[in-house]
Every structure is written in C-alpha cells, then in structure tokens.
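In this text the structure is predicted, and so the values were computed from the model without any measurement. Chain A is the first sequence line, chain B the second, and so forth, proteins listed ahead of strands; every chain is numbered from 1.
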Amino acid sequence: MLVRKLPEGVAGGRILETEAYPVGDAAGHAYRGITPRNQTLFLERGHAYVYLAYGTSFMLNVSSEAPGVGAGVLIRALEPAGGIGIMEHRRATKRLRDLARGPGRLCAALDIDRSLDGIDLCRKGPLWLASDGQAMGEIGQGKRIGITRAAESPLRFYLRGNSFVSGPRALNS
DNA sequence: TTGGCGATTGGCT
DNA sequence: GCCAATCGCCAAT
C-alpha cells in the first residue's frame, strides 16, 4: 500500500504495477551518475525519488539499493482504497478507474511533488509504504512502458487481470 | 547559453 | 490513434 497524509485526511491504495530501473540500466535516471536532480535515487533503499516528466506529470520512485548506489522502482498504478473523495477532488474526475491508473495520475491524486523528494517511505509521515496483509495474486511481467533505451528488458511487474493497471489491456493479462 | 528530448496525460478525430 | 502542452535536465556548443 502507498499511503498519503494530507490536510483533508488520509488517502492511498494498493500498489498494482511497478517498473524496475536497476543498477546499470541505460533507461534509469541514475545511469549517468549522481546529479542534483537524481541524488535521492542514491539514498538507502526505501526513500522517495520524485521528478517531473514532460513538464506535466510527477513520477514517484522508491530507491532500491544501498547508500551511494543509484537504482529505483517506479510506482505506476494504485487501486484506490481510502480517501477516495480526496483523490477525486485532486484528479477532477469521479471515475474510480482513472484516479490512480498511471504514474502521473497517482501522483496527482495524492498531491505528490518534489517537496516529498528524499523522504523515508518506511516511516509514517507525509507519505509512506504499508501493507494491508492481503495476498497479491498472480504477478505478470513484461516490457516497460514509454521508454526507448533498454526497451526490451522485461522489468515491468503488474497484478494480472486487474483493471487498475495502466497501459493497453493487452499488457495486463 | 542553447537545443533536443523525455519512465505522461488529456482532448480531439 | 494522434498530438500538443510544458519544463527541467544535460550534452554540446
């Protein structure tokens, strides 16, 4: 689960889809070394790396290696579980399926931006990771979406058949 | 200092 | 399905 504390209350959902950007991955932002923009990707595993893509959408990653080693996991979709009214308001839609389906949409729904860059996601705070204790079901694996370099690597993971997973329907079976 | 280009989205055809 | 919006990053000048 990804959980967000906002002035209006708590909102969040189950993480259904991720992409890995491991060490040495040409598509990863850490590939060319540490810079002011990507430095939080080099924090101890479990910290947030947030950046703005295409000038329009924020993306949330979880750092995934030891301190000084740059790598992370992109959170691509949530199944809304709580604070749905809050997310509807921030996304300006009432379509449950569209609230947090996609990396930019889930950041908009939970008001995630660069102010959260670098926070520890393993501690309760403005944004953190939790578990609802439920089993996840069958995990599918395939190519990552929307990249050009290292595009063939099967580093996208998703809950099979779930309608809140992003991308074409053919990619969630 | 500048130009090209993204780990996307939403609106329109 | 196509495409513009929008801006920070970074490589090259």
Item to check | Test: A/Arg14 cationic atom under 6.0 Å from A/Phe164 six-membered ring centre, within 45° of axis | outcome: no
Checklist entry - Cationic tip of A/Arg37 within the cone over A/Tyr51's six-membered ring, i.e. under 6.0 Å and within 45° of the normal? => result yes
Next on the checklist: Any carboxylate oxygen within less than 4.0 angstrom of a Lys/Arg side-chain nitrogen, looking at A/Glu19 and A/Lys143?
Outcome noted: no
Next on the checklist: Regarding A/Arg45 and A/Asp120, does a basic nitrogen lie under 4.0 Å from an acidic carboxylate oxygen?
Outcome noted: no
Among [options], which nucleotide sits nearest the side chain of [X]?
X	options	result
A/Leu52	C/dC7, C/dC10, B/dA7	C/dC7
A/Met59	B/dA7, C/dC7, B/dT8	B/dT8
A/Arg32	C/dA11, C/dG8, B/dT8	C/dA11
A/Thr148	B/dG6, B/dT8, C/dG8	B/dG6

Please report the distance, rounded to the nearest Å, between [atom1] in [X] and [atom2] in [N].
X	N	atom1	atom2	answer
A/Asn38	C/dG8	CG	P	16 Å
A/Leu74	B/dT9	CG	C1'	14 Å
A/Arg37	C/dC7	CZ	C1'	11 Å
A/Gln39	C/dG8	CD	C1'	15 Å
A/Tyr31	C/dC9	OH	C1'	18 Å
A/Ile34	C/dC10	CD1	C1'	16 Å
A/His29	C/dA11	NE2	P	13 Å
A/Tyr54	C/dT6	OH	P	16 Å

Checklist outcome for this item: Assign each of A/Gly55 and A/Pro36 the nucleotide of DNA chain C bearing its closest heavy atom; nearer the 5' end lies the nucleotide of A/Gly55
Checklist entry - Is B/dA7 paired to anything, Watson-Crick or G-U wobble with both distances less than 3.5 Å, and if yes, which nucleotide? => result none
Checklist entry - Counting only Watson-Crick or G-U wobble pairs whose two distances fall under 3.5 Å, which nucleotide matches C/dT6? => result none
Next on the checklist: Please confirm whether the shortest side-chain N or O distance from A/Arg149 to OP1 or OP2 of B/dG6 is below 4.0 Å.
Outcome noted: no
Item to check | Distance below 4.0 Å between A/Arg105 side-chain N/O and B/dG10 OP1 or OP2 | outcome: yes
Next on the checklist: Strictly distance-based, threshold 3.5 Å: is any side-chain N or O of A/Arg4 a donor or acceptor partner for the main-chain N or O of A/Leu110?
Outcome noted: yes
Item to check | Backbone of A/Ser166 reached by a side-chain donor or acceptor of A/Glu17 within 3.5 Å | outcome: yes
Next on the checklist: Categorize A/Arg144 for me: base, sugar-phosphate, or nothing, with a 4.0 angstrom heavy-atom threshold over every strand shown.
Outcome noted: nothing
Checklist entry - DNA chain B: A/Ala27 or A/Asp98, which has the more 5' nearest nucleotide? => result A/Ala27
Next on the checklist: Stacking between B/dA7 and A/Tyr21, yes or no? Criterion: centroid separation under 5.5 angstrom, plane angle under 30 degrees.
Outcome noted: yes
Next on the checklist: For a quick check, tell me whether the side chain of A/Thr56 and the base of B/dT8 share a donor-acceptor pair closer than 3.5 Å.
Outcome noted: yes
